[in-house]
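For ligands, and for the atoms within them, numbers begin at 1 and follow the listed sequence. Both backbone and side-chain heavy atoms feed into the values below; hydrogens, waters and symmetry mates do not.
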Amino acid sequence: MTALWTSEEAQGATLGIPGRAFEVNGLSIDTRTLKKGDLFVALKGDNRDGHDFVKAAFDAGAGAALVSHEPPGLGPDAALLTVAHTQRGLEDLAVAARARSSAKIVAVTGSAGKTTTKELLRHALGALGSTHCSAASYNNHWGVPLSLASMPRDVAYGVFEVGMNHFGELRNLVSFVRPHVALVTTIAPAHLEFFGSCEAIADAKSEIFEGLVPGGAALVPSDSPYANRLIARARQAHVGRVLKFGETAGSDARLLSYEESVDGSKVKADICGMPVDFHVGAPGRHIAQNALGALLAVAMLDGDVLNAAAGLKNFTALKGRGARFAAGDVAVIDESYNANPASMAAALALLGAAKGRRIAVLGDMLEMGEGGLAHHAGLAAPIEAAGADLVFLNGPQMKALWDKLPASRRGAWAETSAEIAPQLLAALKPGDTVLVKGSNGSRMAVIVDALKARGG
Ligand SMILES: Nc1ncnc2c1ncn2[C@@H]1O[C@H](COP(=O)(O)OP(=O)(O)OP(=O)(O)O)[C@@H](O)[C@H]1O
Ligand SMILES: [Mg+2]
């Protein structure tokens, strides 16, 4: 097996000062998850400096370390590559990994559904050839270069999740990724307090198009109110191929029919004029829409869309993003990972498809800025559409929604998830379906854990 990085290659990429020669097969920035033989990159964060962990990294089996100075306590034969700035060194490795690769590359951004779409692409492209994807939600200033620098040299496809919470961030990150296809999942009021408007969010997401290689394709969600803005921005970035996916007539990848069951959905679609029927192993119209984007990406890479579509049946709902479990005689849809108005609506639609009593347990959506209370109150409409029978709410902003709910739907409201958990448990009856969703900071995991404990 050829190593991911030899010391010579890493030195060539970073122009660092070489120490002892090494070969590494992976990268790590965290000694707790480091694998034997990894290159440990000593990043300096706001609170911690990775240089304080270099010794621990070698103790855990690191093959080498990328540092900006030699930390004390190392043995004489520790393999170090010394650069001026380790963040920059990591980015240099990312750029070199991209430059040496002949893989076809997809970059995914959006206000919700990035990880979901990335994982759908893992299954779709994985059916066609070896595929490297970002781990977890590694989509920020270290996650993107780390994912790129970890790409094996001989894969056929690479899929990278790219995120942002300020202007200029995507432009920078996508300049490392240099995708053949740039996909925007959806535009929604997430991080609104930093941007002020959804138009501004659409513009910031559009920076992803600036990183496309010549002849690359921009993929835009046709059902979004911001579709035309995204298309205009792609054209401004001189993208020749701009395509749409969604339910709207005229979409290049178009949803024709959708049938849902608890363990997935059956989709009929038209992908660039070709009829494609497929099964996705997780229910939800939003998942089907993400799948359309993924298959359009396959088409733009000249991949075999039918085989790729067949791969989607193996996709299953991700932890905290729709994965289900039984809490005794009650079914739980765990959407506790995060929330904004778009993903709340998507999750409530999932609840709407449930049989038996439908119970929504919702926590505050954070970073919503000035219009936050209105966005919380606005959830009354998707709750109504889902036909929720009982609604439990926690967090100060959810009080605005509580005040909008008819008495018949009111379960309870409290400041914290810990206060809501016992009230929810007391209200449950056999056959209920419970949806749990809120921003990570709203600590909805407390409720998920309480439900798991109930199930034994
Ligand atoms: N296309 C979509 N439209 C609206 N909501 C969606 C869509 N896809 C997924 N979601 C919702 O968004 C939630 C988060 O999904 P996912 O983790 O894929 O998003 P993400 O963009 O990667 O989030 P993060 O920014 O935290 O990394 C899901 O649980 C689901 O409720
Ligand atoms: Mg993510």
Side-chain angles (χ1 to χ4, degrees), residues 107-122 133-140 143-144 147 159-166 169-170 173 183-192 194 198 201 204-205 208 219-227 230 244-247 253 255 258 265 267 280 282-294 296 315-324 332-353 360 362-363 365-367 379 382 386 435-442 444-445 448:
V108 180
T109 195
S111 304
K114 295 183 291 296
T115 301
T116 305
T117 303
K118 184 242 318 172
E119 292 301 322
L120 286 161
L121 278 163
R122 188 196 292 279
C133 297
S134 314
S137 265
Y138 285 0
N139 65 27
N140 64 2
V144 174
S147 301
V159 184
F160 299 94
E161 172 169 345
V162 195
M164 58 98 206
N165 54 27
H166 57 261
E169 196 172 359
L170 275 188
L173 294 175
L183 188 161
V184 178
T185 58
T186 184
I187 301 296
H191 308 301
L192 201 54
F194 306 120
C198 281
I201 292 174
K205 300 278 184 209
I208 196 171
L219 310 190
V220 168
S222 60
D223 307 328
S224 167
Y226 306 98
L230 291 169
K244 298 175 284 183
F245 61 94
E247 302 190 25
L255 187 82
Y258 170 80
S265 61
V267 179
V280 194
R285 232 180 159 87
H286 59 294
I287 306 256
Q289 274 157 355
N290 294 335
L292 285 188
L296 186 55
F315 171 87
T316 50
L318 306 171
K319 186 167 183 284
R321 305 162 179 94
R324 295 169 189 232
V332 180
I333 308 173
D334 177 6
E335 282 269 355
S336 59
Y337 168 72
N338 69 7
N340 62 43
S343 67
M344 278 285 193
L348 284 162
L350 278 179
L351 181 67
L362 310 179
M365 304 179 286
L366 305 178
E367 298 182 351
L379 294 177
L435 165 75
V436 186
K437 190 163 185 73
S439 283
N440 198 23
S442 298
M444 304 313 285
V448 171

So is Ala342 in contact with ligand 1, going by heavy-atom distances below 4.0 Å?
yes

Indicate yes or no: does an N/O atom of Thr186 lie under 3.5 Å from an N/O atom of ligand 1?
no

Nearest heavy-atom neighbours spanning Val280 and Ile287:
CG1-CG2, 3.8 Å

Between Phe245 and Leu183, the two heavy atoms sitting closest are CZ-CD2, 4.0 Å

Any non-hydrogen atom of Met344 lying under 4.0 Å from ligand 1?
no

Any sub-3.5 Å donor-acceptor pair from Glu119's side-chain atoms to Thr115's backbone N or O?
no

Note: ligand 1 atoms sitting under 4.0 Å from heavy atoms of Glu335 are 28 (C), 29 (O), 30 (C), 31 (O)

Out of all atoms in ligand 1, which are within 4.0 Å of some heavy atom of Thr116? Include the element for each.
15 (O), 16 (P), 18 (O)

Between Ser343 and Glu335, does a side chain to side chain donor-acceptor pair (under 3.5 Å) hold up when you go through it step by step?
CA-CA 9 Å; Ser343 67; Glu335 282 269 355; 6.0 Å; no

Which of the ligand 1 atoms, numbered from 1, are nearer than 4.0 Å to a heavy atom of Tyr337:
17 (O), 24 (P), 26 (O), 27 (O)

Just by distance, do the side chain of Ser336 and the backbone of Lys437 share a donor-acceptor pair under 3.5 Å?
no

Ligand-side contact atoms (ligand 1) for residue partner Ala346, heavy atom cut-off under 4.0 Å:
5 (N)

Identify, for atom 25 (O) of ligand 1, the protein heavy atom at the shortest distance, and state residue, atom and that distance.
Lys114 NZ, 2.8 Å

What's the shortest distance from atom 14 (C) of ligand 1 to any protein heavy atom, and which residue and atom give it?
Asn338 OD1, 3.4 Å

Look only at interatomic distance and state if Glu161 has a nitrogen or oxygen under 3.5 Å from any nitrogen or oxygen of ligand 1.
yes

Identity and separation of the nearest protein heavy atom to atom 10 (N) of ligand 1:
His286 CD2, 3.5 Å

List every atom of ligand 1 that sits less than 4.0 Å from any heavy atom of Asn290, numbering the atoms from 1 in the order shown and giving each element.
1 (N), 2 (C), 7 (C), 8 (N), 9 (C)

Tell me the protein heavy atom at minimum distance from atom 17 (O) of ligand 1, and give that distance in Å.
Arg321 NE, 2.4 Å

Looking only at N, O or S atoms, which one in Glu161 sits nearest to the Mg ion (ligand 2)?
OE2

Is there a donor-acceptor pair under 3.5 Å between the side chain of Ser134 and the backbone N or O of Glu161?
yes

I'd like to know if the Mg ion (ligand 2) has an N/O/S atom from Thr116 within less than 2.8 Å of it, counting both backbone and side-chain atoms.
no

Mark yes or no for whether Asp223, through its side chain, and Glu247, through its backbone, hold a donor-acceptor pair below 3.5 Å.
yes

Just by distance, do the side chain of Ser439 and the backbone of Leu366 share a donor-acceptor pair under 3.5 Å?
yes

May I ask you to list the atoms of ligand 1 that are less than 4.0 angstrom from any heavy atom of Asn139?
27 (O)

Could you tell me whether any N, O or S atom belonging to Asn139 is less than 2.8 Å from the Mg ion (ligand 2)?
no

Which ligand 1 atoms, with their elements, are less than 4.0 angstrom from a heavy-atom of Ser343?
5 (N), 11 (C), 12 (O), 13 (C), 31 (O)

Might you work through the side chain to side chain donor-acceptor pair (under 3.5 Å) test for Ser137 and Tyr337, ending with a clear yes or no?
CA-CA 11 Å; Ser137 265; Tyr337 168 72; 3.2 Å; yes

For ligand 1 and Thr185, I'd like to know whether there is a polar contact (N/O to N/O, distance under 3.5 Å).
no

Within the side chain of Ser442, is there an N or O that forms a donor-acceptor pair under 3.5 Å with the backbone of Met444?
no

Among Ser224, Gly113, Ala190, Gly143, closest by heavy atom to atom 9 (C) of ligand 1 is Gly113

Using modelled atom types only, decide if a donor and an acceptor are shared between the side chain of Lys114 and the backbone of Gly110 within a distance under 3.5 Å.
yes

Quick note on ligand 1: atoms under 4.0 Å from a heavy atom of Thr115 include exactly 17 (O), 18 (O), 20 (P), 22 (O)

Around atom OH of Tyr138, are there more than 12 heavy atoms of other residues, nucleotides or ligands at under 6.0 Å?
no

Shortest non-hydrogen separation from Gly143 to Ser147 and the atoms involved:
O-OG, 2.7 Å

Structural part of Gln289 in contact with ligand 1, heavy atom criterion under 4.0 angstrom
neither

